[in-house]
Amino acid sequence: MMNEQTTEVCRNSIRNDQKRTCAFSLLESNLDLKRANDISLAATNLDNGAGIAFQMEESIPLDCELTGIVIIAGLFVSEEKPMWRLARCASSNLSRSLRRRCFYTAAIPGPCIVHKRGTDILHDPWFNKDTGFPLTERDRLGLRGLLPPRVISFEHQYDRFMESYRSLEKNTQGQPHGSVSLAKWRILNRLHDRNETLYYRVLIDNIKDFAPIIYTPTVGLVCQNYSGLFRRPRGMYFSAKDKGEMMSMIYNWPAHQVDMIVLTDGSRILGLGDLGVQGIGIPIGKLDIYVAAAGINPQRILPVMLDVGTNNQKLLEDPLYLGLRQPRLEGEEYLSIVDEFMEAVHTRWPKAIVQFEDFQMKWAFETLQRYRKRFCMFNDDIQGTAGVALAGVTGNMGAGSAGLGVLNMAIEALSRMSGNNEMAVKNKCYLLDKDGLITKERKNIDPAAAPFAKDLKDVEGLREGASPIEVVKKLKPHVLLGLSGVGGIFNEEVLKAMRESDSTKPAIFAMSNPTMNAECTAADAFKYAGPNIVFGSGSPFEDVDLGNGKVGHVNQANNMYLFPGIGLGTLLSGAHIITDGMLQAAAECLASYMTDEEIQKGILYPSIDSIRDITAEVGAAVLRAAVEEDLAEGHGDVGPRELKQMSKPETVAYVSRNMWFPVYSPLVHEK
Ligand SMILES: NC(=O)C1=CN([C@@H]2O[C@H](COP(=O)(O)OP(=O)(O)OC[C@H]3O[C@@H](n4cnc5c(N)ncnc54)[C@H](O)[C@@H]3O)[C@@H](O)[C@H]2O)C=CC1
Ligand SMILES: CC(=O)C(=O)O
Ligand SMILES: [Mg+2]
């Protein structure tokens, strides 16, 4: 109904939060009103809305062949005024002929059906609006008297929360960093537990500030302390004790539809090792990023913990530990639990996408091979991390699931982009693990690492198990990539050796998480390796002041730039599997995002602030790849043929339009 220009204008004004100027910017935009079939009107409040409608009529050329006006009301309307009445009022100032051509669009959240009343609603974070329930709604839902009488607007609630967050920041200045971060996490978590709409709105608007709290690095600390911090459950827990029950358990989840699941077994949480059931913080954090970055509807997400025990002795002995107190299941016993879970999910929600997250390497690879052709799933650490490291890889530390995932995809992409054969590119990549350089002399080499093992005759001057410093000194690599999970292994000596790199702009990626597990800090990287390096880290660091007005730019080389788009693009394509082609498209989309000028300045990724825009592009790239591979079966009302007919910009617009955005919807009770 809306043409592309109008959609774009409205999207921009929403994104820029210019609520009250939305319709005006529409008028002031260069829209060719003569050609426009539909005009969108955002009514912000009664007076404004009516005024805008009136102005619009005046500005519509007499000879305009207007077929309709789309009234977008309710997006930012004051809560006291019911949406439809407002929309009608806004249009009532139009002449009768135009009024008859008004459409009331469903692009905004229409009324939301709720099957509960009274306090049950107040205690349900999906529907709760706290003091924001308008009086009419309080009557409709049996809430009158259960809340203080004054109705507080969404904007006011938002400001109130941000004020309390800022005062927490002020009042905790100088206190230990860990306890301040946990206090910040608690205040956000309380809001999450109480009012999801407000929570996701503050998260979206302040993603750069809040991502380090709900995601890496603080989420690592939260997982380490999860049993003590636990107040309310979130997500689902399937344990070894639930064998045989999962098919019925899955129906305990209250949502009818689930689009996105993040699943962990807690065996390798960031670089913190086996945290057992406490690893649930990671799926929760990843799904928060899905909602904030990809606009996945939070009512359709599901964080899942598969608790098959833990080998972490400290946790097994901790009286507070909330998981199964038994060693991890192994072999067929382990796989039978994962199989049962996957079957159960697929039975209830055949189209749900399952992201495997933070599985120890052996199971990460095994489960990926086992399920990727049968279910719509991917492993984020193996497949999602690669794109962020595609700037070029010639040296690699960490031969785990992430390191090997990066190498596999990077070699494929680099050989395609450079026109060289894969072998030539592979020859330039060196892989080290905890025992040093991996060569063909290595005993008990992991099958996944074997293809990258060097023949000693090809690496003159190096030996099996050569240390990082030996390798860096000998090879003078262009890129040094850390995915080891070991903090500080890019020490002063290694970083100084990078000064001798053959590249004028050597890249150093300390990608391990959380911050204390980063292979080096940003400050040390610039201090020892010199000001000309390009630096990336898995967890955020501040930019580094290099003196004389120069800044050492820090890039957050984290798979958060990719996984939300992989999930969203797959969902909207309706593909039933996720192929290498779709993942490659996501990676290449991100790789091509920055201009040469920005890259020259050492800026490899866009700011996290624009993560929603990046995700729309990545999502569109994934969707188009699915279409090209004839895998797109469509989503909702949009079938495969329509997807096929969409141009690239239309696909991006389609993806953007389908992103959920937090606003209070009018609630309607139904038994
Ligand atoms: N920035 C990002 O987007 C991502 C970061 N990661 C991080 O990467 C790290 C590793 O993850 P995975 O590969 O899944 O773990 P993993 O446990 O599968 O692999 C770790 C690898 O590092 C090697 N290693 C250990 N000590 C070493 C040392 N001193 N020198 C060289 N290598 C050493 C191990 O032998 C193993 O090959 C974690 O800290 C994780 O947080 C993982 C995925 C994405
Ligand atoms: C970022 C991420 O997925 C990890 O550190 O495991
Ligand atoms: Mg991970």
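Along the sequence shown, residues are numbered consecutively beginning with 1. Each ligand, and each atom within it, is numbered from 1 in the order the structure gives.
When the Mg ion (ligand 3) is compared with the N/O/S atoms of Asp381, atom OD1 turns out nearest. No other N/O/S atom of Asp358 lies as close to the Mg ion (ligand 3) as OD1 does. Glu357 contributes OE2 as its N, O or S atom closest to the Mg ion (ligand 3).
Between the side chains of Glu357 and Thr264, no donor-acceptor pair of N or O atoms lies under 3.5 Å. Between the side chains of His192 and Arg234, at least one donor N or O lies within less than 3.5 Å of an accepting N or O. For the 3.5 Å distance criterion, the side chains of Tyr200 and Asp288 qualify, holding a donor opposite an acceptor.
A cation-pi geometry, defined here as NZ or CZ lying under 6.0 Å from the six-membered ring centre and within 45° of its normal, does not hold between Lys286 and Tyr215.
Within the 4.0 Å heavy-atom criterion, the part of Ile489 lying near ligand 1 is the side chain and not the backbone. The backbone of Ala557, and not its side chain, has at least one atom closer than 4.0 Å to an atom of ligand 1 (non-hydrogen atoms only; backbone = N, CA, C, O).
Protein residues with a heavy atom closer than 4.0 Å to ligand 2 are Tyr215, Arg268, Leu270, Lys286, Glu357, Asp358, Asp380, Asp381, Asn513, Asn558, Asn559, listed by chain and number.
Residues satisfying the salt bridge (Lys or Arg N to Asp or Glu O under 4.0 Å) criterion with Arg463, sequence neighbours excluded, are Glu470. Glu340 is linked by a salt bridge (Lys or Arg N to Asp or Glu O under 4.0 Å) to nothing, counting only residues two or more places apart in sequence or in another chain. Contacts of Thr579 classified as side-chain contact (heavy atoms from CB on, under 4.5 Å), with partners at least two apart in sequence or in another chain: Ile577, Met582, Glu629, Leu631.
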Practice problem: Tell me, with the steps shown, if Leu182 and Val222 meet side-chain contact (heavy atoms from CB on, under 4.5 Å). | Solution: CA-CA 7 Å; Leu182 276 184; Val222 170; 3.8 Å; yes
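Side-chain contact between Asn558 and Asn513 is present, with heavy atoms from C-beta onward closer than 4.5 Å.
Counting the atoms of ligand 1 from 1 in the order shown, those under 4.0 Å from a heavy atom of Val486 are 25 (C), 26 (N), 27 (C). Within the listing of ligand 1, atoms 38 (C), 39 (O), 41 (O) sit less than 4.0 angstrom from a heavy atom of Gly271. Below 4.0 Å from some heavy atom of Asp381 lie the following atoms of ligand 1, by number and element: 42 (C), 43 (C).
Just one of Thr521, Ile508, Thr216, Val554 meets the side-chain contact (heavy atoms from CB on, under 4.5 Å) condition when paired with Ser537; it is Val554. None of Lys440, Lys454, Arg442 except one satisfies the salt bridge (charged side-chain N to carboxylate O under 4.0 Å, His left out) rule with Glu464; the exception is Arg442.
The aromatic rings of Phe375 and Tyr371 lie tilted to each other, with the angle between the two planes from 30° to 60°.
Distances between N or O atoms of Gly538 and those of ligand 1 include no value under 3.5 Å. Considering backbone and side-chain N/O atoms, Ala402 comes within less than 3.5 Å of an N/O atom of ligand 1.
Scanning all heavy atoms of the two residues, the minimum distance from Ala294 to Pro564 falls at CB-O, 3.6 Å.
If you check each of Asn517, Asn513, Ile269 against atom 41 (O) of ligand 1, the one with the closest non-hydrogen atom is Asn513. The heavy atom nearest to atom 4 (C) of ligand 1, considering only Thr385, Asp358, Leu481, is found in Thr385. When the heavy atoms of Lys434, Met361, Gln360, Lys362 are ranked by distance to atom 33 (C) of ligand 1, first place goes to Lys434.
Taking backbone and side chain together, Asp380 holds no N, O or S atom under 2.8 Å from the Mg ion (ligand 3).
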